[in-house]
Amino acid sequence: MPEPILAVTELDAFYGDFQALFAVSVAVEPGEVLAMIGANGAGKSTFLKAVAGVIPAKREAIRFRGESIGGLSADRILKRGIALVPEGRRLFPSLSVEENLMIGGQLGRKGRWSLETVYALFPVLGERRNQASTSLSGGQQQMCAIGRALMANPDFILFDEISLGLAPVIIKDIYAALPGIVAGGAGAVIVEQDITRALSVATRVVCLQEGRVSLQGRPADLDRAAISAAYFGT
Amino acid sequence: MQWINAIVQGVLVGGLYALFAAGLSLIFGVMRLVNIAHGDLIVLAAFLALVVMQTLGLGALESLVVVIPLMALLGYVLQRGLLNLTLGSDILPPLLVTFGLSVIIQNGLLQVFTADSRRLNAGALEVATFNLAGIDIGVLPLVMFLAAVAVIGVLQFIFYRTALGRAFRATSDDADVARMMGLDNRHIFGLAMALSLAVVAIAGVFLAVRTNFDPASGPARLIFGFEAVIIGGLGNLWGTLAGGVILGVTQAIGAQINPGWQLLAGHLVFLLVLAFRPTGLFPRIAG
Amino acid sequence: MSAVTPDWRVERATATSRLAAVVAIVALIALAAAPAWAGRADMRLLSEIFTYLALACLWNLLAGFAGLVSVGQQAYVGFGGYMLFAFAILLGVNPLLTIPIAGILGALIAVPVAVLIFRLSGAYFAIGTWVMAEVFRLVFAQVSALGGGSGTSLPVAVVKDIAEGRDMREWIVYWAAFLLVVVVLGGTYWLLSTRRGLALAAIRDSEVASESLGVRIWRTKLMIYVVSAGATAMVGALIFLQKLRISPDAAFNVNDWTAYVIFITVIGGIGTIEGPIVGVIVFFLLRETLADLGSIYLMILGLVAIVVMLKAPRGLWGFVQDRFGIELFPVRRRIRYPLD
């Protein structure tokens, strides 16, 4: 069995006094796409934020490529190769599309992603490269946010609410692009509300419920009833 | 002819006001910090130039070679060591800390240099004039005005055409996401303050060549710069230049009527703008 | 637990605060009787302490409770001072009577000033207040009937209007200062315990939240600004009644009437009722020991204020409060269970 590339062990996370995660343990092996599902407030975004260094975590709780990275600042974690596509896209409104992508790439990590390859993946971004990022539609903004994360040439990528608020056509486009995105890297975690979609791309699924892991397994091994029970806690 | 002359002098001094304003505007744009010690830092730069001229035997304008990097370094250290600690949703800490800083700088200068009024000597350049259509224009004021325009052009270029400017704008938009993109906002803010104080250095030396200065001269410079920013419109550097020129011209006209009205006239135009165009005359167009 | 009679009650007073009230009353009586036991120099010092305490309390009301950080309160100190001279010299009004007049006019002039500078948000508001103070200074420097730029003194005849004898005069000025600081302290305390005061606390705690609660922020802020301007003008009139001489530079001095006041409040504890009292004691202790140092004294004050702002943002008093939970003049209501 290969060494996990990302090993999260007994991760606790807090917002002030409020505890959002309780001893969550998850491992992702090289080349895997992990889908994280769960109801609103189950702690999925919190998990991604802790891994990306946006909120604090204990040093030993998160290991990436065998090194402890928990609690490092977000910029240091990105330097080690983990990028986050944040929930709600959060593009820089006063920057153009291309400038947003360039901010993503400004660390200068080497890899296959560049302005050209991102534009090849999402041609509409290339057409609108000089427009203000605020002029894009929701789906285009999501593409730009994904492109911005890719520009850092991460080894490991975290997608928060990848399809939230997007039209079904756009979701299809983005999921069609996903294998190409993940193939170049060492792994990915996807947070997704749509369980069917999540199961279709994932090699493994983790379900969170009230800050705890309620189910974990390969999509083929899990039946709907078990997932539903883990999801809603019935 | 006297009036036209006054207006021309006002335009030229407006460039200096725009320089006072540019550094203030820059850091407000990047980190929403209003630096109450800004004027005192201008005066500090002037005294620094005085020391550099005396110890290295440089001319006033040549002293910039030393003063600009020193002030920029001071800006970076000040930001990383002190001002970054004050940033957050509460506006009290940055205001009160920079206010404390202002008092410290003023009294520190008083302690070292006494309350005596000083002036930097720019040599022959200081008295050189040429005559244009009957108006005497000083070479030095003109050089300063052109330099002010150039500084604002360079700032505009940095802000909108370089990676550093991109980082400034991104951090200003959303410091958390910028951090996720590998931009350490503490460092970015340090660089912004360094750039601001580099401009302050130029403003300080120009001020000191143009007029007398003493340790208590800072607050008035802060106020002129602030008025230029508000008159011109927040977030628009060329607007700030226009604001500085409007302020300079109004002061010159006021002084022409009655010497006691020089400053009052400037404040009056600021209040009029605030009353009728609170977003300034040239607000930045969104997008 | 019964559903009919709640076994908790809401109250503001605590045992400590009751003790504090007793101590405060004793102190007030002793201070009111100061002419009986204090020498002339001591009374002057006490008067000065009172005026600084009043200014600090008013600035705290603005910045600490209403979020209006002003660095231009010298506008109203100077305005009040000039009203004293204008009414007493030019119109022959009794100098003591000019104090309330200064208050009313200060409040009136604060309305248009506020309408203008309230257009500046947050931090720029602070510099706007400074510009206003400069405008006031420059305008009064133009009034030649009051000495123009070099200022003027209160004629002996006018001074004698207060009282014939010198001792009585000094006592009256002392009592005026004492009364004023008691009114300002009491008024601030009262204001903060009223509904408006609670609205203020909401502004301070969260601008966005209270907006959604429908609190009329703008009007409440305006009211606070105008009231504190009027009261500051009264303090200003009193200050220059002690000094008997005024000039634009002294009247609108940013160091004397704003910097010191900010330092007092910040060091004592911004946003707490007790803060200015603690701050003014620390300030005068420091001044009596370090004043010989001149500008170094000011540098030390600036440094202390910065350190306090960074390390204990609610000042010495906030530090004590957090550590020991003491509140001498409680404005917050707390829920009490019988077991307490």
Restricting to ring-ring contact (aromatic ring centres under 6.0 Å, His included), what partner residues turn up for B:Y76, sequence neighbours left out?
B:H187
Looking only at heavy atoms, the pair that brings B:M181 and A:L78 closest together is C-CD2, 3.3 Å
Please report the closest heavy-atom contact between B:V177 and A:R148, naming both atoms and the distance.
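For B:V177 and A:R148, the tightest heavy-atom pair comes out as CG1-NH2, 3.5 Å.
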About how many Å separate [atom2] of [Y] and [atom1] of [X], when rounded to the nearest 0.5 Å?
X: A:I103; Y: B:M180; atom1: CD1; atom2: CE; result: 12.5 Å
X: B:R166; Y: A:S94; atom1: CZ; atom2: OG; result: 12.0 Å
X: B:D173; Y: A:S133; atom1: CG; atom2: OG; result: 7.5 Å
X: B:D184; Y: A:K79; atom1: CG; atom2: NZ; result: 7.0 Å
X: B:N185; Y: A:D75; atom1: CG; atom2: CG; result: 8.5 Å

Do other residues, nucleotides or ligands put more than 12 heavy atoms under 6.0 Å from [X] [atom1]?
X: A:R76; atom1: CZ; value: no
X: A:E210; atom1: CD; value: no
X: B:F276; atom1: CZ; value: no

Is chain B contacted by the side chain of A:E99, its backbone, both, or neither, given a heavy-atom distance below 4.5 Å?
both
Are there residues of residues 48-55 of chain A whose heavy atoms fall under 4.5 Å of chain B's heavy atoms? If so, which?
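Those residues of residues 48-55 of chain A which have a heavy atom under 4.5 Å from chain B are A:V54.
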Does any heavy atom of chain A fall under 4.5 Å from the side chain of B:A170, the backbone, both, or neither of them?
both
